[in-house]
Amino acid sequence: MPDLEASSSLDFIRVRVAEDVRANKNDGRVHTRFPPEPNGYLHIGHAKSICLNFGVAAENNGLCNLRFDDTNPSKETVEFEESIKTDVHWLGFDWDDRLYYASDYFRKLYEYAVQLVKDGKAYVDSLTADEIREHRGTLTEAGRESPYRNRPVGENLHLFERMRAGEFEDGTHVLRAKIDMASPNVNMRDPVLFRIMHVTHYRAGTQWVIYPMYDYAHPISDALEGITHSLCTLEFEDHRPLYDWFLDNLPVPYRPVQIEFARLNLSYTVLSKRKLLTLVHEGHVKGWDDPRMPTLSGLRRRGYTPEAIRNFCDAIGVAKRDAVVDVAQLEHAIRDDLNRRSSRVMAVLRPLRVVIENYPEGQTEELDAVNNPEDASAGTRKVPFSKVLYIERDDFRQDPPKQFFRLAPGREVRLRYAYFITCKEVVKDASGDIVELRCTYDPATRGGDSPDGRSPKATLHWVSAAHAVPAEVRLYDRLFNEERPADDAPINPSSLELLASCQVEPSLKNAKPGDRFQFERQGYFCVDLDSKPDALVFNRTVTLRDTWAKIEKKNLKRGGNSGTGH
RNA sequence: UGGGGCGUGGCCAAGUGGUAAGGCACAGGUCUUUGGAACCUGUAUUCGGAGGUUCGAAUCCUCCCGCCCCAGCCA
């Protein structure tokens, strides 16, 4: 059912589809398709297309096919196909039994081509690739016709059949549509339909040595599947006349319409398949699912949820103008989702030892902690407290700058769900580094409230040294430092920071890969695939919004000395 | 200098002749046992520019400017 109420405004594609439905075009049927080439992993840009195609179909009681555009066997693999299926499912969409392949249409595509030849609308050209390029002309000059352009139909038929039979070497002949070498639209200057490639196709094997070009295969595939609206990106706008030409000149069973929209660009991110492939192949990242990658597998491993990605796609909209979406928009989507659903937990990333001098030696208390303040049904848990704790090094300053509310010599702060503590002494090692804080606690503040109503300005997270579980935490930052990285842009050298000696609360002991948490006051984290029961590994999905970091940055910029000590 | 598109606040994005939605970001504030979340408030006299039509234009017309895509036997 069209969800007209919920969306205050429809994008131009949905408006058009709605008009078609209202006009009862295609009998009111809506059928789309998501047509990836299995030559790489899906990324966030594909998510936009997936959400659009499956979304438009669903909103109109229609269907969306998954179709692999596997017309170039030199780049395509099963690994890529499998990853794509996994990712589309993970994103939350399903094609049921409508899994198609352009390669399944090779026979039909060949027969249609024969028809074109018979109709005098296609011919076998025996020019070399270079010669074809020379004949194509330039953007401002018309092309020239190939000397083979007027080969008799019979000869074309015979040659094309021999191409198919594998009698020729790669590059010796090609089948071309006979359209118009003088067209101002270069795509119409006798485009290539089939080329010879003695390459094994990952699905079709060695059945074929000629393979169809995208421009030829796509409209026919759409027609064969009864696609009503063929949605693609802007760079194919120039191809639409060609798309229509094939539908006009072939006895196809259906008449789809191609509509183009702007592809997604994200700031500080690269989304070209070629560049992503390079990052993987040259080892700049650890693989397609490296948590820094904008691939769906990377985002998944990083801890992103399908809901967040769908919400993001929803928020950015669909239009025709080139746009660069601020990556902050993506981060907002994941924070928004995780805030509602993830359990809070305490984890100390850079531990600083704290000894509570007036706390009884050997005593342990179990304190109540809320699992999710956004969701009462998430309940509470017990957190152990004892004499020796760890707090975050960043939560203490020998000389606290203005506006720094956390712990400092002589200052009292609250330990979340525990007690108020006051810093009495700073212990340093021979080189002057702080190694321990000696503090006292106020027994009357158990749980975090004081009977006299005083309330410290800061609440710190902590962990009991004797009970904490060691863990490794991987902090990620943007992969590129430039807002619009060039194709040869170097990656951000600090895009990955590995923290090997973190201490997390004991409730995390049995966390499993994929589990997500909010580490209070720090961010959202998920258990990495590399994690083992006795060697926990967490990925930071995204930080929490950090007002203090903002103040600090502002002070730094102002040239002011914030007195940080770092 | 051929063709095809696109230009609305810092970033997205509605609006299609009746006097500029919404989201993100940003800035204040309320609240707070996360400097989180939530909530409130503020932010385009103006829609790439200049003319014109009209009682009235981001929306119609003219001219100009800018940006993107196309010369793979890639998709």
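Residue numbering restarts at 1 for every chain, and letters A, B, ... go by the order of the sequence lines.
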So [X], base contact, sugar-phosphate only, or nothing? Heavy-atom distance under 4.0 Å.
X: A:Asn339; value: base
X: A:Met213; value: sugar-phosphate
X: A:Ala129; value: base
X: A:Asn39; value: nothing
X: A:Arg406; value: base
X: A:Gln518; value: base
X: A:Val318; value: sugar-phosphate
X: A:Asp69; value: sugar-phosphate
X: A:Val370; value: nothing
X: A:Ile132; value: base
X: A:Leu415; value: nothing
X: A:Glu374; value: base
X: A:Arg414; value: base
X: A:Tyr211; value: nothing

Distance, rounded to the nearest Å, where [X] contributes [atom1] and [N] contributes [atom2]:
X: A:Asn372; N: B:rA38; atom1: CG; atom2: C1'; result: 13 Å
X: A:Leu338; N: B:rA38; atom1: CG; atom2: P; result: 13 Å
X: A:His332; N: B:rG36; atom1: NE2; atom2: P; result: 15 Å

Please examine the side chains of [Y] and [X], heavy atoms only from C-beta on, and report whether any two atoms are closer than 4.5 Å.
X: A:Tyr112; Y: A:Phe246; answer: no
X: A:Ile44; Y: A:Lys48; answer: no
X: A:Tyr123; Y: A:Asp125; answer: yes

What nucleotide, of [options], holds the atom closest to the side chain of [X]?
X: A:Val186; options: B:rC70, B:rG3, B:rG35; value: B:rC70
X: A:Arg136; options: B:rC73, B:rU34, B:rG4; value: B:rC73
X: A:Asp11; options: B:rA75, B:rA14, B:rG35; value: B:rA14
X: A:Lys550; options: B:rG36, B:rC12, B:rA27; value: B:rA27
X: A:Ile551; options: B:rU34, B:rA75, B:rG35; value: B:rG35
X: A:Ser9; options: B:rA21, B:rU34, B:rC74; value: B:rA21
X: A:Phe404; options: B:rG35, B:rC68, B:rG7; value: B:rG35
X: A:Arg321; options: B:rC6, B:rC70, B:rA75; value: B:rC6
X: A:His239; options: B:rC26, B:rG3, B:rA75; value: B:rA75
X: A:Leu139; options: B:rG2, B:rU34, B:rA27; value: B:rG2

Under-4.0 Å side-chain N/O to phosphate OP1/OP2 contact, [X] with [N]:
X: A:Arg195; N: B:rA75; value: yes
X: A:Arg133; N: B:rA71; value: no
X: A:Arg274; N: B:rA75; value: no
X: A:Arg521; N: B:rG35; value: yes

Can you find a donor-acceptor pair, distance only, under 3.5 Å between [X] side chain and [N] base?
X: A:Arg545; N: B:rG35; value: no
X: A:Gln329; N: B:rG23; value: yes
X: A:Gln522; N: B:rU34; value: no
X: A:Glu235; N: B:rG5; value: no
X: A:Asp546; N: B:rG35; value: no

Problem - Member of A:Phe194, A:Tyr211, A:Tyr105, A:Phe106 meeting the ring-ring contact (aromatic ring centres under 6.0 Å, His included) criterion with A:Tyr216 - result: A:Phe194
Practice task
Taking atom types as modelled, find out whether A:Asp375 and A:Ser377 have a side-chain donor-acceptor pair closer than 3.5 angstrom.
Solution key: yes
Practice task
Would you check if there is a donor-acceptor pair between the side chains of A:Tyr524 and A:Gln518 at a distance under 3.5 Å?
Solution key: yes
For the [atom1] atoms, the ones on [N] and on [M], what distance do you get once it is rounded to whole angstrom?
N: B:rG22; M: B:rU41; atom1: P; answer: 11 Å
N: B:rG3; M: B:rA25; atom1: P; answer: 43 Å
N: B:rU54; M: B:rG49; atom1: P; answer: 23 Å

Practice task
Can you tell me which residue pairs pass the salt bridge (charged side-chain N to carboxylate O under 4.0 Å, His left out) test with a partner in residues 178-196 of chain A, sequence neighbours excluded?
Solution key: A:Arg149-A:Asp190
Is a side-chain donor or acceptor of [X] paired with a backbone partner of [Y] at a separation under 3.5 angstrom?
X: A:Trp548; Y: A:Phe404; answer: no
X: A:Glu392; Y: A:Arg350; answer: yes
X: A:Gln258; Y: A:Phe236; answer: yes
X: A:Thr128; Y: A:Glu131; answer: yes

Problem - A:Trp548 aromatic ring stacked with six-membered ring of B:rG35, 5.5 Å and 30° - result: yes
Handout entry: For RNA chain B, the dot-bracket pattern of Watson-Crick and G-U pairs whose distances stay under 3.5 Å, | for other-strand partners
Key = .(((((((.[[[..)..(...]]].(((((.......))))).....[[[[[..)....]]]]])))))).....
Fill in the blank from the handout: By nearest-heavy-atom nucleotide on RNA chain B, the more 5' of A:Arg446 and A:Thr71 is A:Arg446
